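Since we're looking at a predicted model, the values are computed, not measured.
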Amino acid sequence: MAKMNFGGVEENVVTRNEFPLEKAREVLSGKKIAVIGYGVQGPGQSMNLRDNGFDVIVGQRAGKTYEKAIADGWVPGETLFSIEEAAEKGDIVMCLLSDAAVMSVWPKIKPHLTKGKTLYFSHGFAITWSDRTGCVPPADIDVIMVAPKGSGTTVRSLFLEGRGINSSFAVYQDYSGHAQENTIALGIGIGSGYLFETTFQREAVSDLTGERGSLMGAIQGLLLAQYEVLRENGHTPSEAFNETVEELTQSLMPLFAAKGMDWMYANCSTTAQRGALDWMGPFHDAIKPVVRKLYESVKSGNEAQISIDSNSKPDYREGLEKELKALRESEMWQTAVTVRALRPENNK
């Protein structure tokens, strides 16, 4: 593990140069890895591990997702089992179910978490708020986490491109004395580009803040506000969408993703530079109090409880689909469908 400087602050980081795939295979040699859940993170992590030469099986309930696992090459009775069977067979039990599913399935998994096994998560939610989720692991196992900073789809696509997604890692419980080494080996095995150290609590709080903030909630709120103001002032849907979303995602985001916000600014017109520098302050000052409020709601456990209560309702999925349908059918995102179809790569 190396110390890396991030804006003047040193953090522990592991790269594939210092912990190569060959070492990861050696560390986990003889261990059967059971991936529980084949929804969001399960496919990417399990297939990456399989492709990297690890001994992997999948545990999934019967249904459409089970059939998807079969389509991806997992064989019933050989590498694909029920959740209980996979948890029993695995030396390392990778719990990649949704937060709501972890709570409902926990009573089926816990009896198979016998002495000396390893319980792996990709999110700190269940353990951080164990008083609310009921997920309290036995004391005689390792409890670890590797949390990719992206969706399971991205975990897989970046792996197939020969790249890798950034991941955080943490050890909550080290019964074996080898938990950290096993954690890093699994992080390399799933295809992480590099790994940075955290804790279950810090990961859970930062993750929920990010999802509700700049990654999803805030970005939709900001885009919609600008789109609405443009439309209210006579701009067409196409113009409002292009100036709000399309230019951001197709032109500007790749620039600051590659070399930073300053580089993106430097590659825009002087008019754009002046306006951005003048207006970033008012936006920051208006938004920061909202982010503070959000962070405190997450840290207190309030956001976790809202998620638990919502996901526990029998009609949860129907209500969720209704909200997503309204978002999908809004003018801004219906305009997006037309704009995407007009992109050169889709208009041949």
Side-chain angles (χ1 to χ4, degrees), residues 40 149-154 157 206-298 302-303 306-307 310-311 316-348:
V40 178
K149 299 300 105 183
S151 71
T153 301
T154 310
S157 64
S206 61
D207 187 80
L208 265 67
T209 300
E211 290 168 346
R212 285 151 179 75
S214 65
L215 302 179
M216 294 175 70
I219 193 66
Q220 166 63 13
L222 172 61
L223 296 177
L224 182 60
Q226 180 169 305
Y227 180 88
E228 288 176 339
V229 169
L230 289 171
R231 290 288 289 122
E232 288 161 6
N233 284 277
H235 298 272
T236 65
S238 177
E239 184 171 58
F241 185 83
N242 272 279
E243 295 293 354
T244 299
V245 180
E246 190 74 352
E247 187 172 353
L248 171 67
T249 59
Q250 300 303 299
S251 175
L252 301 182
M253 287 181 73
L255 292 179
F256 70 76
K259 294 187 179 180
M261 191 67 73
D262 60 322
W263 194 73
M264 185 266 276
Y265 277 25
N267 282 274
C268 292
S269 71
T270 54
T271 302
Q273 291 170 1
R274 182 70 269 144
L277 291 167
D278 288 347
W279 278 91
M280 67 182 187
F283 272 108
H284 167 271
D285 295 346
I287 293 167
K288 191 167 181 180
V290 180
V291 178
R292 279 205 187 100
K293 184 178 180 181
L294 163 61
Y295 186 84
E296 291 305 318
S297 184
V298 172
N302 182 57
E303 293 299 312
I306 290 171
S307 294
S310 173
N311 296 346
Y316 160 69
R317 291 197 177 278
E318 290 81 357
L320 175 64
E321 178 50 36
K322 185 177 180 180
E323 290 181 273
L324 292 177
K325 183 173 184 287
L327 185 62
R328 182 170 60 249
E329 294 181 353
S330 67
E331 183 187 276
M332 185 169 76
W333 292 113
Q334 282 300 300
T335 299
V337 174
T338 305
V339 171
R340 285 196 297 270
L342 290 171
R343 289 176 189 165
E345 66 270 24
N346 297 326
N347 191 28
K348 296 177 180 179

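- Heavy-atom minimum distance, Pro254 versus Thr249: CD-O, 3.6 Å.
- Contact check for Glu323 versus Leu327: no side-chain heavy atoms found under the 4.5 Å cut-off.
- Distance check: Met261 CE to Phe256 CZ gives 4.5 Å after rounding to the nearest 0.5 Å.
- Contact detail for Arg340 and Asn346: the closest heavy-atom pair is O-ND2, 2.9 Å.
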Show the atom names and distances, to 0.1 Å, of all donor-acceptor pairs under 3.5 Å that link a side chain in residues 277-292 to residues at least two apart or in another chain.
| residue | atom | partner | partner atom | Å |
| --- | --- | --- | --- | --- |
| Asp278 | OD1 | Arg274 | NE | 3.1 |
| Asp278 | OD1 | Arg274 | NH2 | 2.8 |
| Asp278 | OD2 | Arg274 | NE | 3.3 |

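- Take Glu321 and apply the salt bridge (charged side-chain N to carboxylate O under 4.0 Å, His left out) test, not counting sequence neighbours, and it matches Arg328.
- Atom CD in Glu228 sits 11.0 Å away from atom CG in Leu223 (nearest 0.5 Å).
- Glu331 meets the side-chain hydrogen bond (donor to acceptor under 3.5 Å, both in side chains) test with Tyr227, Arg231; sequence neighbours excluded.
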Can you give each donor-acceptor pair under 3.5 Å made by side-chain atoms of residues 239-246, sequence neighbours left out, with the distance rounded to 0.1 Å?
| residue | atom | partner | partner atom | Å |
| --- | --- | --- | --- | --- |
| Glu239 | OE1 | His235 | ND1 | 2.7 |
| Asn242 | ND2 | Ser238 | O | 2.8 |
| Thr244 | OG1 | Gln226 | NE2 | 3.3 |
| Thr244 | OG1 | Ala240 | O | 2.7 |
| Glu246 | OE1 | Arg343 | NH2 | 3.1 |
| Glu246 | OE2 | Arg343 | NE | 2.8 |
| Glu246 | OE2 | Arg343 | NH2 | 3.4 |

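- Looking at Cys268 and Leu252, their side chains come closer than 4.5 Å, going by heavy atoms from C-beta outward.
- Taking CD1 of Ile306 as the reference point, atom CG of Leu208 lies at 10.0 Å (rounded to 0.5 Å).
- Not a single donor-acceptor pair under 3.5 Å links the side chain of Ser310 to the backbone N or O of Ser307.
- Atoms CH2 and CG, on Trp333 and Leu224 in that order, are 9.5 Å from each other to the nearest 0.5 Å.
- Legend: residues meeting side-chain hydrogen bond (donor to acceptor under 3.5 Å, both in side chains) with Thr154, ordered by chain and number and at least two apart, are Ser151.
- In this structure, the salt bridge (charged side-chain N to carboxylate O under 4.0 Å, His left out) partners of Lys149, at least two apart in sequence or on a different chain, are Glu203.
- Atom CE of Met264 and atom CE of Met253 lie 9.5 Å apart (nearest 0.5 Å).
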